[in-house]
Structure formats: C-alpha cells, structure tokens
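Note on naming: letters A, B, ... go to the chains in the order of the sequence lines (proteins, then strands), and numbering restarts at 1 for each one. Just so it is clear, the structure is predicted and the values come from calculations on it, not from any experiment. Side chains included, hydrogens not; waters and symmetry mates left out as well; all remaining heavy atoms used.
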Amino acid sequence: MPELPEVETIARGLAPSLVGRTVRAVRVYERRLREPIARDFARALRGRTITGLARAGKTHVASLDDDRRWLVHLGMTGRLTLQDGHGPHRPHDHVVVGFDDGRRLVYNDVRRFGRMLIVPAGALTATLGPGLEPLAPELGAAALAARARGRRLPVKAFLMDQRCLAGIGNIYANEILFHAGVRPRRHAGRLRAREWSRIATSMRAVLEEAIDCGGSTISDYRDGFERFGSYQARHRVYARAGEPCHACGERIRTLAVGGRSTFYCPRCQR
DNA sequence: CGCACCCCCTGCCGGC
DNA sequence: TGCCGGCAGGGGGTGC
C-alpha cells in the first residue's frame, strides 16, 4: 500500500495528535511480522513520550524522549490509525498503543509484511539504509544520473530500488515515468541528461501532488484517521491497461519489470 | 556482482 | 455455487 505520499500523509496527519503524548499501555497481539516484533518492544515503549513524528522513505519515524526512534513500516497492507476510546478489537489489529489522552494508535496489517522496532537514534541510518529522499532539494538530475551511471537495470526498477531512492513504489514509479515521457524498460545507465532532468522534475511534481491529495487509495490504504486518499483519480497509467491515454488516446500497455506490473503509454513515453 | 526470480501472507476476483 | 489460479501498494534472500 503505502508509498512515500501515503506515509507522508499519515505522518503529517498524526503528528499534531501524537507529539507530546506519553505511552501508557502497549498491547502486542501478533509479533510475527516480516521480522518478529522484539520481546522487549512493549517494555521499551511504555512510559515514553513522543517528541516527533516524521517520514524516512516509506518508514514512519517517531522520536522518543529517551533518544531512541520507534520505526513503523506498513508493508503492502498496513494501517496506522488513531482511534478514540475502546472500540472493538478488529481482525489483524496486531499492536495497540494507548496514550495519556485516552486515545490509541492501532497498527493493523492483513498480510503482516510490515515492520515495527525501536532503535537508538544513532542506529537510524544503518537501520533505514542509504536510500536518498526523493524530495530532498539537492536530489536533482545530476544526483540521479550519478547513481544510475553504469547500471543496466530498467529505469523503473532503478526508481524503486530503496537502497538508491527511498520511498518510490510501484504506483509512483509508473506515474513518474509517464509524466517524464520515459519508457519503464529503458536502461537506467543509458538515459540522457535531459531525460534525467525530466524525471527529476516529474518525481517532485507527482509526489507533491499525490501528497496534496492525501495519497492513493487502491483498496486498503487509509490515512491516520481512516480517511481515503484521492490521487487514484489522477493516475494516468497505473492499473489502466487497455484504457486510452489521457494525453494522446493510445491504449495504455502493461508488462512486467522486475516482477512488478508496469503500465505505460507507447506513444507518450519513449 | 547485478539482477531476475521466488518467497513471505491474506484476501479478492475472475474463470471454469 | 465452489474451487483454483493469479494478482495486490513491499522487501529480502538466493542463485545464476
């Protein structure tokens, strides 16, 4: 589910409600996620005050008052929602964190591809990996071209490689490449400077517009208050195989790149 | 060494 | 109607 715009939407939405709150209760109903939730997770979180909430790549990063960081990755189907009072325990609610204002943050994940752990602040970079922030001001065409130099993998796989860029997933890789007019199977190392310029511009434009829309709701995604995103209505290629291109009328084509469904307009993208 | 492939898990949808 | 295969926003390990 959640790529950079969805994670950003959730983090921005929840931050005003969570920052300054102190954790009163932690319940772990299911610790078997992509990696098991640590045995001492609840003990480490209980009593801590949240001092910040941000996004790094596709990961939520909550700062704690003991100089540690609480990391939450939502995988494909994870949800992080703030709820009032004591609603019913729903299927796939794996972790429930109660705060001093009576509200609770619920981590729900049907497929359990998510990740939840607490690390010292100093271990943050090592835990999250070296991927660059796509929206960082310094990440322009030159930085992208430098990272792609010599690499033969398809440019779409390059954009989705989290060790290179952190935050772009399947939906937005497709949409960015349509916006930039570049075919997804082009070798990353063979793109021209002007193509990297367009990709750099498109990356920022697509991700920022998607954030403004509260992300894309395909099926599972909801924000921190269970609201839908609306960017799916602006998708130009994703999941539109066989439908007419909004720009030229050509039928959108589909293929697999690195095992992931890929969509493009054969006329608009070269 | 870079990359394609398969797997993790559950749910849903379409076809037979 | 019911079963089965395929597919889904992510990521990591393996092996070529």
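A:R111 contributes a side-chain N or O that forms a donor-acceptor pair with the base of B:dC9 under 3.5 Å.
The distance between atom OH of A:Y221 and atom C1' of C:dA8, rounded to the nearest whole Å, is 17 Å. Between the C1' atom of C:dG10 and the CZ atom of A:R55 lies a distance of 16 Å, rounded to the nearest Å. Per the geometry, CZ belonging to A:R32 stands 8 Å off P belonging to B:dC9, to the nearest Å. Rounded to whole Å, atom C1' of C:dG10 lies 9 Å from atom CD of A:E3.
Between B:dC9 and C:dC3, the distance separating the two P atoms is 23 Å to the nearest Å. Of the P atoms belonging to C:dG6 and B:dC5, the separation is 16 Å, rounded to the nearest Å.
No contact: A:F158 has no heavy atom under 4.0 Å from any strand. A:G258 comes within contact range of no nucleotide atom at all, as no heavy-atom separation falls under 4.0 Å.
Ring centroids of A:W70 and A:Y107 are separated by 6.0 Å or more, keeping the two rings apart.
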Using a cutoff of under 3.5 Å, can you pull out all pairs of nitrogen or oxygen atoms linking the protein to nucleotides 11-13 of chain B, with atom names and distances?
{"unit_1": "B:dG11", "atom_1": "OP1", "unit_2": "A:H92", "atom_2": "NE2", "d": "3.1"}

Just the table, please: protein N/O against nucleotides 1-3 of chain B N/O, every pair under 3.5 Å.
{"unit_1": "B:dC3", "atom_1": "OP1", "unit_2": "A:R152", "atom_2": "N", "d": "3.1"}
{"unit_1": "B:dC3", "atom_1": "OP1", "unit_2": "A:L153", "atom_2": "N", "d": "2.9"}
{"unit_1": "B:dC3", "atom_1": "OP2", "unit_2": "A:R151", "atom_2": "NH2", "d": "3.0"}

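Listed by first and then second residue, the side-chain hydrogen bond (donor to acceptor under 3.5 Å, both in side chains) pairs involving residues 251-262 of chain A are A:K156-A:T262 (not counting sequence neighbours).
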How does protein contact run along nucleotides 11-16 of chain C, one letter per nucleotide 5' to 3', with B for base contact, S for sugar-phosphate only, - for none, heavy atoms under 4.0 Å? SS----

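For A:E226 and A:R90, the salt-bridge test passes: some basic side-chain N is under 4.0 Å from an acidic carboxylate O. A salt bridge links A:R151 to A:D161: at least one charged side-chain nitrogen sits closer than 4.0 Å to a carboxylate oxygen.
In summary, of the residues considered (A:Y172, A:Y264, A:F263, A:Y231), a ring-ring contact (aromatic ring centres under 6.0 Å, His included) with A:Y238 occurs for A:F263 alone. Partner of A:E133 under the salt bridge (Lys or Arg N to Asp or Glu O under 4.0 Å) criterion, out of A:K58, A:R204, A:R55: A:R55 alone.
Scanning for side chain to side chain contact (heavy atoms under 4.5 Å, CB included) contacts around A:L82 gives A:L14, A:S17, A:L18, A:R103, A:L105, A:F225, with sequence neighbours left out.
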Base-pair map of DNA chain C as dot-bracket, where | denotes pairing with a different strand and pairs are Watson-Crick or G-U under 3.5 Å: .|||||||.|||||||

